[in-house]
> 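I am attaching a structure below and will ask some questions about it afterwards.
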There are 2 protein chains.
Amino acid sequence: MTAITGTASAERRAELLATAAEVFAAQGYNATTVRRIADEAGMLAGSLYYHFDSKESMLDEILSAFLDELWTGYDTVLAAGLGPREAIGALVTQSFRQIDRHGPAVAIYQRESRHLSAQPRFAYLADSQLKFENAWLRTLERGVAEGAFRGDLDVRLVYRFVRDTVWVAASWYRPGGTHSPEEIARQYLSMVLAGITTKT
Amino acid sequence: MTAITGTASAERRAELLATAAEVFAAQGYNATTVRRIADEAGMLAGSLYYHFDSKESMLDEILSAFLDELWTGYDTVLAAGLGPREAIGALVTQSFRQIDRHGPAVAIYQRESRHLSAQPRFAYLADSQLKFENAWLRTLERGVAEGAFRGDLDVRLVYRFVRDTVWVAASWYRPGGTHSPEEIARQYLSMVLAGITTKT
DNA sequence: CTCCTTCCCTAACAAGTGTTTGGTAGATTA
DNA sequence: TAATCTACCAAACACTTGTTAGGGAAGGAG
(Lines give C-alpha, C1' and ligand atoms only; values in the text may rest on other atoms or scores of the structure.)
Protein backbone atom coordinates (compact mmCIF):
# COMPACT_ATOMS: atom_id res chain seq x y z
CA MET A 1 0.00 0.00 0.00
CA THR A 2 1.61 3.21 -1.12
CA ALA A 3 -0.13 5.30 1.52
CA ILE A 4 1.30 3.39 4.45
CA THR A 5 4.77 2.94 2.98
CA GLY A 6 4.63 6.61 2.04
CA THR A 7 4.32 7.81 5.62
CA ALA A 8 6.72 5.11 6.78
CA SER A 9 9.39 6.31 4.39
CA ALA A 10 8.57 9.89 5.36
CA GLU A 11 9.26 9.00 8.97
CA ARG A 12 12.54 7.37 8.01
CA ARG A 13 13.49 10.47 6.05
CA ALA A 14 12.79 12.68 9.04
CA GLU A 15 14.77 10.32 11.24
CA LEU A 16 17.76 10.43 8.94
CA LEU A 17 17.49 14.19 8.55
CA ALA A 18 17.50 14.58 12.32
CA THR A 19 20.73 12.64 12.72
CA ALA A 20 22.25 14.45 9.76
CA ALA A 21 21.32 17.78 11.35
CA GLU A 22 22.97 16.79 14.59
CA VAL A 23 26.23 15.88 12.90
CA PHE A 24 26.14 18.97 10.70
CA ALA A 25 25.62 21.12 13.78
CA ALA A 26 28.39 19.44 15.73
CA GLN A 27 31.05 19.25 13.05
CA GLY A 28 30.04 21.76 10.44
CA TYR A 29 28.56 20.94 7.06
CA ASN A 30 31.76 20.76 5.07
CA ALA A 31 33.63 18.85 7.74
CA THR A 32 30.87 16.26 7.88
CA THR A 33 31.30 13.30 5.58
CA VAL A 34 28.40 11.39 4.16
CA ARG A 35 29.98 8.28 5.63
CA ARG A 36 29.80 9.77 9.13
CA ILE A 37 26.11 10.46 8.79
CA ALA A 38 25.47 6.97 7.50
CA ASP A 39 27.51 5.56 10.36
CA GLU A 40 25.47 7.47 12.89
CA ALA A 41 22.31 6.18 11.23
CA GLY A 42 23.58 2.60 11.27
CA MET A 43 24.01 2.14 7.57
CA LEU A 44 26.54 2.60 4.78
CA ALA A 45 27.21 5.76 2.85
CA GLY A 46 25.70 4.67 -0.44
CA SER A 47 22.44 3.70 1.23
CA LEU A 48 21.71 7.31 2.03
CA TYR A 49 21.24 7.93 -1.66
CA TYR A 50 18.19 5.76 -1.68
CA HIS A 51 16.50 8.41 0.46
CA PHE A 52 18.19 11.61 -0.72
CA ASP A 53 19.55 13.02 -3.95
CA SER A 54 22.70 14.42 -2.43
CA LYS A 55 24.36 15.67 0.71
CA GLU A 56 23.31 19.17 -0.30
CA SER A 57 19.68 18.07 -0.54
CA MET A 58 19.78 17.01 3.09
CA LEU A 59 21.10 20.38 4.14
CA ASP A 60 18.49 22.10 2.00
CA GLU A 61 15.67 20.09 3.49
CA ILE A 62 16.88 20.69 7.05
CA LEU A 63 17.16 24.44 6.61
CA SER A 64 13.96 25.03 4.66
CA ALA A 65 11.92 22.91 7.06
CA PHE A 66 13.27 24.98 9.93
CA LEU A 67 12.62 28.30 8.22
CA ASP A 68 9.09 27.28 7.27
CA GLU A 69 8.18 26.57 10.85
CA LEU A 70 10.01 29.66 12.06
CA TRP A 71 8.05 31.97 9.81
CA THR A 72 4.76 30.33 10.66
CA GLY A 73 5.37 31.43 14.23
CA TYR A 74 6.77 34.84 13.35
CA ASP A 75 3.95 35.77 10.99
CA THR A 76 1.44 34.96 13.68
CA VAL A 77 3.19 37.28 16.10
CA LEU A 78 3.62 40.07 13.56
CA ALA A 79 -0.03 39.90 12.52
CA ALA A 80 -1.26 40.10 16.10
CA GLY A 81 -0.96 43.87 16.20
CA LEU A 82 1.00 44.01 19.45
CA GLY A 83 2.75 47.07 20.83
CA PRO A 84 6.50 47.32 20.15
CA ARG A 85 7.59 46.05 23.52
CA GLU A 86 5.15 43.14 23.54
CA ALA A 87 6.05 42.33 19.93
CA ILE A 88 9.76 42.13 20.75
CA GLY A 89 8.93 39.96 23.71
CA ALA A 90 6.83 37.62 21.62
CA LEU A 91 9.49 37.42 18.90
CA VAL A 92 12.20 36.57 21.40
CA THR A 93 10.07 33.94 23.09
CA GLN A 94 9.14 32.49 19.74
CA SER A 95 12.82 32.34 18.79
CA PHE A 96 13.78 30.44 21.91
CA ARG A 97 11.02 27.94 21.21
CA GLN A 98 12.51 27.38 17.79
CA ILE A 99 15.94 26.91 19.33
CA ASP A 100 14.37 24.37 21.67
CA ARG A 101 12.77 22.45 18.83
CA HIS A 102 15.19 22.89 15.95
CA GLY A 103 18.41 23.32 17.87
CA PRO A 104 20.71 21.70 15.31
CA ALA A 105 19.02 23.45 12.39
CA VAL A 106 19.48 26.82 14.08
CA ALA A 107 23.14 26.12 14.71
CA ILE A 108 23.67 25.08 11.11
CA TYR A 109 21.84 28.14 9.88
CA GLN A 110 24.02 30.43 11.92
CA ARG A 111 27.20 28.79 10.85
CA GLU A 112 26.62 28.27 7.15
CA SER A 113 23.97 30.77 6.18
CA ARG A 114 26.38 33.47 5.12
CA HIS A 115 28.29 31.65 2.43
CA LEU A 116 25.38 29.42 1.46
CA SER A 117 23.10 32.29 0.55
CA ALA A 118 25.40 33.12 -2.35
CA GLN A 119 24.44 29.82 -3.94
CA PRO A 120 21.25 30.05 -6.07
CA ARG A 121 19.78 26.98 -4.45
CA PHE A 122 19.96 28.63 -1.06
CA ALA A 123 18.86 32.08 -2.14
CA TYR A 124 15.84 31.72 0.13
CA LEU A 125 18.22 32.10 3.07
CA ALA A 126 19.02 35.65 1.99
CA ASP A 127 15.34 36.36 1.43
CA SER A 128 14.50 35.14 4.88
CA GLN A 129 17.30 37.15 6.43
CA LEU A 130 15.99 40.30 4.73
CA LYS A 131 12.43 39.66 5.82
CA PHE A 132 13.73 38.99 9.30
CA GLU A 133 15.67 42.22 9.40
CA ASN A 134 12.70 44.23 8.20
CA ALA A 135 10.38 42.77 10.81
CA TRP A 136 12.75 43.52 13.67
CA LEU A 137 13.84 46.94 12.43
CA ARG A 138 10.29 48.15 11.92
CA THR A 139 9.25 46.96 15.35
CA LEU A 140 12.25 48.66 16.95
CA GLU A 141 11.69 51.92 15.07
CA ARG A 142 8.04 51.91 16.03
CA GLY A 143 9.13 51.46 19.62
CA VAL A 144 11.47 54.43 19.42
CA ALA A 145 8.78 56.57 17.82
CA GLU A 146 6.31 55.68 20.55
CA GLY A 147 8.88 56.36 23.24
CA ALA A 148 9.06 52.78 24.46
CA PHE A 149 12.64 52.28 23.35
CA ARG A 150 15.65 54.55 23.73
CA GLY A 151 16.29 56.92 20.86
CA ASP A 152 19.96 57.58 21.61
CA LEU A 153 21.12 54.29 20.13
CA ASP A 154 21.88 53.28 16.55
CA VAL A 155 18.83 51.22 15.60
CA ARG A 156 20.79 48.88 13.35
CA LEU A 157 23.17 48.25 16.20
CA VAL A 158 20.27 47.50 18.50
CA TYR A 159 18.85 45.15 15.91
CA ARG A 160 22.06 43.20 15.58
CA PHE A 161 22.44 43.23 19.32
CA VAL A 162 19.04 41.70 19.97
CA ARG A 163 19.19 39.33 17.03
CA ASP A 164 22.59 37.97 17.99
CA THR A 165 21.90 37.66 21.70
CA VAL A 166 18.91 35.50 20.94
CA TRP A 167 20.24 33.23 18.23
CA VAL A 168 23.71 32.55 19.59
CA ALA A 169 22.01 30.85 22.48
CA ALA A 170 21.56 27.93 20.10
CA SER A 171 25.27 27.26 20.38
CA TRP A 172 25.07 26.33 24.04
CA TYR A 173 21.41 25.57 24.69
CA ARG A 174 20.51 21.91 25.08
CA PRO A 175 16.88 20.78 25.41
CA GLY A 176 15.99 19.24 28.73
CA GLY A 177 18.33 21.42 30.77
CA THR A 178 17.54 23.24 33.99
CA HIS A 179 15.86 26.14 32.22
CA SER A 180 12.88 25.86 29.90
CA PRO A 181 13.01 27.93 26.70
CA GLU A 182 10.35 30.20 28.15
CA GLU A 183 12.41 30.78 31.29
CA ILE A 184 15.50 31.58 29.27
CA ALA A 185 13.49 33.88 27.04
CA ARG A 186 12.15 35.65 30.12
CA GLN A 187 15.59 36.31 31.58
CA TYR A 188 17.09 37.28 28.23
CA LEU A 189 14.23 39.69 27.63
CA SER A 190 14.68 41.15 31.06
CA MET A 191 18.35 41.80 30.33
CA VAL A 192 17.79 43.23 26.90
CA LEU A 193 14.96 45.47 27.98
CA ALA A 194 16.15 46.64 31.40
CA GLY A 195 19.88 45.89 31.44
CA ILE A 196 21.91 43.95 33.95
CA THR A 197 22.60 46.77 36.40
CA THR A 198 20.45 47.69 39.36
CA LYS A 199 18.29 50.75 38.89
CA THR A 200 19.64 53.30 41.31
CA MET B 1 72.73 37.57 7.00
CA THR B 2 70.36 35.45 9.00
CA ALA B 3 69.09 38.37 11.05
CA ILE B 4 67.80 40.34 8.08
CA THR B 5 66.44 37.41 6.17
CA GLY B 6 64.95 36.24 9.43
CA THR B 7 62.74 39.29 9.83
CA ALA B 8 62.04 39.41 6.12
CA SER B 9 60.74 35.87 6.16
CA ALA B 10 58.87 36.65 9.35
CA GLU B 11 57.08 39.45 7.54
CA ARG B 12 56.24 37.12 4.68
CA ARG B 13 54.90 34.60 7.16
CA ALA B 14 52.68 37.20 8.77
CA GLU B 15 51.51 38.32 5.36
CA LEU B 16 50.58 34.79 4.33
CA LEU B 17 48.94 34.12 7.68
CA ALA B 18 46.81 37.23 7.27
CA THR B 19 45.47 36.14 3.90
CA ALA B 20 44.96 32.61 5.20
CA ALA B 21 43.01 33.99 8.14
CA GLU B 22 40.77 35.98 5.83
CA VAL B 23 39.95 32.96 3.72
CA PHE B 24 39.43 30.76 6.78
CA ALA B 25 37.08 33.34 8.24
CA ALA B 26 35.12 33.74 5.01
CA GLN B 27 34.79 30.11 3.99
CA GLY B 28 35.43 28.13 7.13
CA TYR B 29 38.58 26.18 7.87
CA ASN B 30 37.53 22.84 6.47
CA ALA B 31 35.96 24.33 3.37
CA THR B 32 39.15 26.24 2.61
CA THR B 33 41.62 24.46 0.37
CA VAL B 34 45.32 25.04 0.58
CA ARG B 35 45.20 25.85 -3.13
CA ARG B 36 42.75 28.66 -2.49
CA ILE B 37 45.02 30.25 0.08
CA ALA B 38 48.00 29.95 -2.25
CA ASP B 39 45.94 31.45 -5.06
CA GLU B 40 45.00 34.42 -2.91
CA ALA B 41 48.65 34.86 -2.04
CA GLY B 42 49.72 34.65 -5.67
CA MET B 43 51.59 31.39 -5.53
CA LEU B 44 51.09 27.64 -5.89
CA ALA B 45 49.84 25.30 -3.23
CA GLY B 46 53.10 23.47 -2.69
CA SER B 47 54.97 26.71 -2.13
CA LEU B 48 53.10 27.28 1.08
CA TYR B 49 54.95 24.36 2.56
CA TYR B 50 58.18 26.24 2.34
CA HIS B 51 56.79 28.58 5.00
CA PHE B 52 54.52 26.29 7.01
CA ASP B 53 54.48 22.69 8.13
CA SER B 54 50.85 22.12 7.36
CA LYS B 55 47.47 23.73 6.91
CA GLU B 56 46.79 22.97 10.54
CA SER B 57 49.94 24.82 11.57
CA MET B 58 48.64 27.97 9.92
CA LEU B 59 45.39 27.71 11.83
CA ASP B 60 47.29 27.05 15.03
CA GLU B 61 49.54 30.06 14.55
CA ILE B 62 46.61 32.33 13.72
CA LEU B 63 44.62 31.33 16.77
CA SER B 64 47.44 31.29 19.29
CA ALA B 65 48.75 34.66 18.13
CA PHE B 66 45.30 36.10 18.61
CA LEU B 67 44.82 34.57 22.03
CA ASP B 68 48.22 35.76 23.19
CA GLU B 69 47.43 39.34 22.36
CA LEU B 70 43.93 39.00 23.77
CA TRP B 71 45.15 37.84 27.13
CA THR B 72 47.82 40.47 27.29
CA GLY B 73 45.02 43.03 27.21
CA TYR B 74 42.71 41.10 29.52
CA ASP B 75 45.31 40.48 32.18
CA THR B 76 46.11 44.17 32.29
CA VAL B 77 42.46 44.98 32.88
CA LEU B 78 41.97 42.26 35.47
CA ALA B 79 45.05 43.32 37.39
CA ALA B 80 43.98 46.96 37.50
CA GLY B 81 41.71 46.38 40.49
CA LEU B 82 38.67 48.07 39.01
CA GLY B 83 35.16 47.93 40.39
CA PRO B 84 32.85 45.32 38.80
CA ARG B 85 31.05 47.75 36.55
CA GLU B 86 34.24 49.41 35.36
CA ALA B 87 35.90 46.05 34.89
CA ILE B 88 33.07 44.79 32.71
CA GLY B 89 33.26 47.97 30.72
CA ALA B 90 36.99 47.66 30.22
CA LEU B 91 36.69 44.01 29.23
CA VAL B 92 34.02 44.79 26.65
CA THR B 93 36.00 47.68 25.21
CA GLN B 94 39.11 45.51 25.12
CA SER B 95 37.18 42.81 23.28
CA PHE B 96 35.97 45.19 20.59
CA ARG B 97 39.50 46.38 20.05
CA GLN B 98 40.55 42.79 19.48
CA ILE B 99 37.69 42.35 17.02
CA ASP B 100 38.91 45.46 15.26
CA ARG B 101 42.46 44.18 15.03
CA HIS B 102 42.07 40.44 14.70
CA GLY B 103 38.66 40.29 13.00
CA PRO B 104 39.29 37.15 10.97
CA ALA B 105 40.97 35.35 13.87
CA VAL B 106 38.01 36.10 16.12
CA ALA B 107 35.60 34.79 13.51
CA ILE B 108 37.61 31.62 13.07
CA TYR B 109 37.84 31.15 16.82
CA GLN B 110 34.09 31.42 17.22
CA ARG B 111 33.36 29.06 14.41
CA GLU B 112 35.90 26.32 14.98
CA SER B 113 36.85 26.57 18.62
CA ARG B 114 34.29 24.07 19.86
CA HIS B 115 35.34 21.04 17.85
CA LEU B 116 38.99 22.06 17.69
CA SER B 117 39.44 22.09 21.45
CA ALA B 118 38.90 18.35 21.49
CA GLN B 119 42.14 17.93 19.56
CA PRO B 120 45.22 17.79 21.82
CA ARG B 121 47.05 20.31 19.70
CA PHE B 122 44.34 22.88 20.32
CA ALA B 123 43.79 22.09 23.97
CA TYR B 124 44.88 25.63 24.80
CA LEU B 125 41.59 26.80 23.33
CA ALA B 126 39.71 25.01 26.08
CA ASP B 127 42.11 26.38 28.68
CA SER B 128 41.58 29.88 27.43
CA GLN B 129 37.84 29.45 27.39
CA LEU B 130 37.91 28.30 31.00
CA LYS B 131 40.12 31.16 32.10
CA PHE B 132 37.84 33.50 30.19
CA GLU B 133 34.76 32.14 31.89
CA ASN B 134 36.32 32.45 35.32
CA ALA B 135 37.34 36.04 34.79
CA TRP B 136 33.89 37.11 33.66
CA LEU B 137 31.97 35.04 36.20
CA ARG B 138 34.00 36.32 39.14
CA THR B 139 33.59 39.89 38.02
CA LEU B 140 29.85 39.43 37.60
CA GLU B 141 29.45 37.73 40.97
CA ARG B 142 31.44 40.44 42.65
CA GLY B 143 29.12 42.96 41.04
CA VAL B 144 26.04 41.16 42.36
CA ALA B 145 27.56 40.95 45.83
CA GLU B 146 28.31 44.66 45.83
CA GLY B 147 24.83 45.51 44.58
CA ALA B 148 25.99 46.89 41.25
CA PHE B 149 24.41 44.10 39.20
CA ARG B 150 20.97 42.55 39.50
CA GLY B 151 20.74 39.50 41.70
CA ASP B 152 17.52 38.10 40.24
CA LEU B 153 19.24 36.68 37.18
CA ASP B 154 21.07 33.42 36.62
CA VAL B 155 24.73 34.50 36.65
CA ARG B 156 25.77 31.89 34.13
CA LEU B 157 23.05 33.11 31.81
CA VAL B 158 24.23 36.67 32.24
CA TYR B 159 27.77 35.56 31.48
CA ARG B 160 26.81 33.84 28.26
CA PHE B 161 24.63 36.76 27.37
CA VAL B 162 27.40 39.31 27.70
CA ARG B 163 30.06 37.07 26.19
CA ASP B 164 27.99 36.27 23.13
CA THR B 165 26.73 39.76 22.51
CA VAL B 166 30.28 40.98 22.37
CA TRP B 167 31.96 38.32 20.30
CA VAL B 168 29.27 37.72 17.72
CA ALA B 169 29.86 41.27 16.62
CA ALA B 170 32.92 39.89 14.86
CA SER B 171 30.64 38.24 12.33
CA TRP B 172 29.38 41.53 10.98
CA TYR B 173 31.94 44.12 12.09
CA ARG B 174 34.30 45.40 9.41
CA PRO B 175 37.17 47.75 10.26
CA GLY B 176 36.93 51.20 8.80
CA GLY B 177 33.14 51.37 9.01
CA THR B 178 31.05 54.26 10.33
CA HIS B 179 31.56 53.29 13.95
CA SER B 180 34.90 52.95 15.69
CA PRO B 181 35.36 49.95 17.96
CA GLU B 182 35.23 52.28 20.95
CA GLU B 183 31.91 53.74 19.80
CA ILE B 184 30.42 50.30 19.27
CA ALA B 185 31.70 49.20 22.65
CA ARG B 186 30.10 52.28 24.24
CA GLN B 187 26.69 51.60 22.75
CA TYR B 188 26.87 47.86 23.44
CA LEU B 189 27.82 48.54 27.03
CA SER B 190 24.98 51.00 27.38
CA MET B 191 22.53 48.37 26.17
CA VAL B 192 23.91 45.58 28.31
CA LEU B 193 24.08 47.71 31.43
CA ALA B 194 20.92 49.78 31.16
CA GLY B 195 18.76 47.95 28.61
CA ILE B 196 17.13 49.23 25.48
CA THR B 197 13.92 50.54 27.02
CA THR B 198 13.38 54.04 28.34
CA LYS B 199 13.49 54.33 32.10
CA THR B 200 10.01 55.28 33.14
C1' DC C 1 4.38 -20.13 -4.75
C1' DT C 2 5.66 -16.12 -7.52
C1' DC C 3 6.24 -11.29 -8.30
C1' DC C 4 7.40 -6.92 -6.86
C1' DT C 5 8.56 -3.28 -4.02
C1' DT C 6 11.31 -1.56 -0.24
C1' DC C 7 15.60 -0.78 1.77
C1' DC C 8 19.97 -1.60 2.28
C1' DC C 9 24.94 -3.51 0.92
C1' DT C 10 29.11 -4.15 -1.94
C1' DA C 11 32.26 -2.17 -4.82
C1' DA C 12 33.75 0.94 -7.46
C1' DC C 13 34.27 5.68 -9.81
C1' DA C 14 36.17 10.46 -10.73
C1' DA C 15 37.28 14.58 -8.62
C1' DG C 16 39.49 16.99 -5.15
C1' DT C 17 42.29 16.94 -0.87
C1' DG C 18 46.83 17.94 1.89
C1' DT C 19 51.45 17.02 1.24
C1' DT C 20 56.16 15.71 -0.72
C1' DT C 21 59.95 15.67 -3.89
C1' DG C 22 63.13 17.55 -7.04
C1' DG C 23 64.27 21.39 -9.57
C1' DT C 24 65.46 26.38 -10.63
C1' DA C 25 65.78 31.63 -11.31
C1' DG C 26 67.69 35.20 -8.85
C1' DA C 27 69.79 37.42 -5.22
C1' DT C 28 73.54 37.08 -1.52
C1' DT C 29 77.76 35.76 0.13
C1' DA C 30 82.69 34.51 0.02
C1' DT D 1 83.60 34.36 -10.42
C1' DA D 2 82.01 30.43 -7.78
C1' DA D 3 79.13 28.75 -4.04
C1' DT D 4 75.17 29.17 -1.35
C1' DC D 5 70.73 30.41 0.02
C1' DT D 6 65.99 32.02 -0.59
C1' DA D 7 61.49 31.55 -2.28
C1' DC D 8 59.11 29.72 -5.39
C1' DC D 9 57.32 26.22 -9.38
C1' DA D 10 56.01 21.69 -11.60
C1' DA D 11 54.46 17.39 -11.01
C1' DA D 12 53.23 13.89 -8.73
C1' DC D 13 51.78 11.11 -4.39
C1' DA D 14 48.33 8.71 -1.29
C1' DC D 15 44.10 9.46 0.43
C1' DT D 16 39.39 11.11 1.16
C1' DT D 17 35.43 12.90 -0.81
C1' DG D 18 30.42 12.64 -2.81
C1' DT D 19 28.18 9.74 -5.79
C1' DT D 20 26.67 5.70 -8.70
C1' DA D 21 25.58 0.92 -10.40
C1' DG D 22 24.25 -3.62 -9.64
C1' DG D 23 22.76 -6.98 -6.47
C1' DG D 24 20.16 -9.22 -2.81
C1' DA D 25 17.38 -10.21 1.45
C1' DA D 26 12.74 -9.46 3.50
C1' DG D 27 8.09 -9.19 3.25
C1' DG D 28 3.63 -8.04 1.48
C1' DA D 29 0.42 -8.67 -2.84
C1' DG D 30 -1.53 -11.42 -6.43
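By convention in this document, chain letters (A, B, ...) are assigned in the order of the sequence lines, proteins followed by strands, and residues within each chain are numbered from 1.
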> Rounding to a whole Å, what distance do you find between B:Leu44:CG and C:dG22:P?
19 Å

> Check B:Glu40 with B:Arg36, please: is the shortest side-chain N to carboxylate O separation under 4.0 Å?
yes

> Can you say whether a donor on the side chain of A:Arg35 sits under 3.5 Å from an acceptor on the base of D:dG18, or the other way round?
yes

> Does a side-chain N or O of A:Tyr50 approach OP1 or OP2 of C:dC8 to a distance below 4.0 Å, or not?
no

> Tell me whether the OP1 or OP2 atom of D:dC8 has a side-chain N or O from B:His51 closer than 4.0 Å.
yes

> Quick one: B:Asp39 CG to D:dC8 P, roughly how many Å, whole number?
14 Å

> From CG of A:Leu48 over to P of C:dT10, roughly how many Å is that when rounded to an integer?
14 Å

> At under 4.0 Å between heavy atoms, what does A:Thr32 touch on the DNA or RNA strands: base, sugar-phosphate, or nothing?
sugar-phosphate

> Determine, using the 4.5 Å side-chain heavy-atom cutoff (strictly less than), whether A:Tyr49 and A:Leu44 are members of one ILVMFWY cluster.
no

> Is the distance from OP1 or OP2 of C:dT6 to the nearest side-chain N or O of A:Arg12 less than 4.0 Å?
no

> Using whole Å, report how far CE of B:Met58 lies from P of C:dG18.
9 Å

> D:dT16 C1' sits how many Å from B:Lys55 NZ, rounded?
13 Å

> Shared ILVMFWY cluster between B:Val23 and B:Leu63, side chains joined below 4.5 angstrom?
no

> Hey, which of these two, B:Glu56 or A:Gly42, hits DNA chain C nearer its 5' end, going by closest nucleotide?
A:Gly42

> Is a donor on one side and an acceptor on the other found under 3.5 Å between the side chain of B:Arg111 and the backbone of A:Arg111?
yes

> Hey, is the side chain of B:Tyr49 poking within less than 4.0 Å of OP1 or OP2 on C:dT20, counting only N and O atoms?
no

> Roughly how many Å is it from OH in A:Tyr29 to P in D:dT17, rounded to a whole number?
13 Å

> Can you tell me if the side-chain N/O atoms of A:Ser54 get under 4.0 Å from OP1 or OP2 in D:dG18?
no

> Could you tell me how far apart B:Met43 (CE) and D:dA10 (C1') are, to the nearest whole angstrom?
14 Å

> Between A:Glu15 (CD) and C:dC7 (C1'), how many Å, whole number?
13 Å

> Look at atom CZ of A:Arg85 and say whether more than 12 heavy atoms of other residues, nucleotides or ligands are closer to it than 6.0 Å.
no

> With sugar-phosphate meaning primed atoms plus P, OP1 and OP2, does A:Thr33 contact a base, only sugar-phosphate, or nothing at under 4.0 Å between heavy atoms?
sugar-phosphate

